[in-house]
Amino acid sequence: MSQQGDEEQEFDLRWADRAEHKEPSARARMLAARWKENPPDPVPFRADAGPAQPRRSSWVSTVLVLGCVAAVIVLLGYLQTRSPY
């Protein structure tokens, strides 16, 4: 075996990838044990979409935002004209 520094040997990923056996994670072991006795029911790839609410059109949203901005500008202008100084 070639002499490598401890740091190089410790973090050599190629050596770890060549390992013959890799232990599964704790979650994988837990799920395998649970599913051995009680396998999960088949689930469709995507659930059917429920009834969706109709979306507002983009122009309605734009008018709503611009109306709010205009209302704030008018309110600030009104407050400034009413100020005593």
Just verifying a value: how many Å separate Leu64 CG and Trp59 CH2, rounded to the nearest 0.5 Å? 11.0 Å
Within this structure, what is the SG-CD1 distance for the pair Cys68 and Ile73, rounded to the nearest 0.5 Å? 11.5 Å
Tell me if the CZ atom of Arg34 is crowded by more than 12 foreign heavy atoms within 6.0 Å. no
Is Val72 linked to Leu75 within one hydrophobic cluster, defined over Ile, Leu, Val, Met, Phe, Trp and Tyr using a side-chain heavy-atom separation of less than 4.5 Å? no
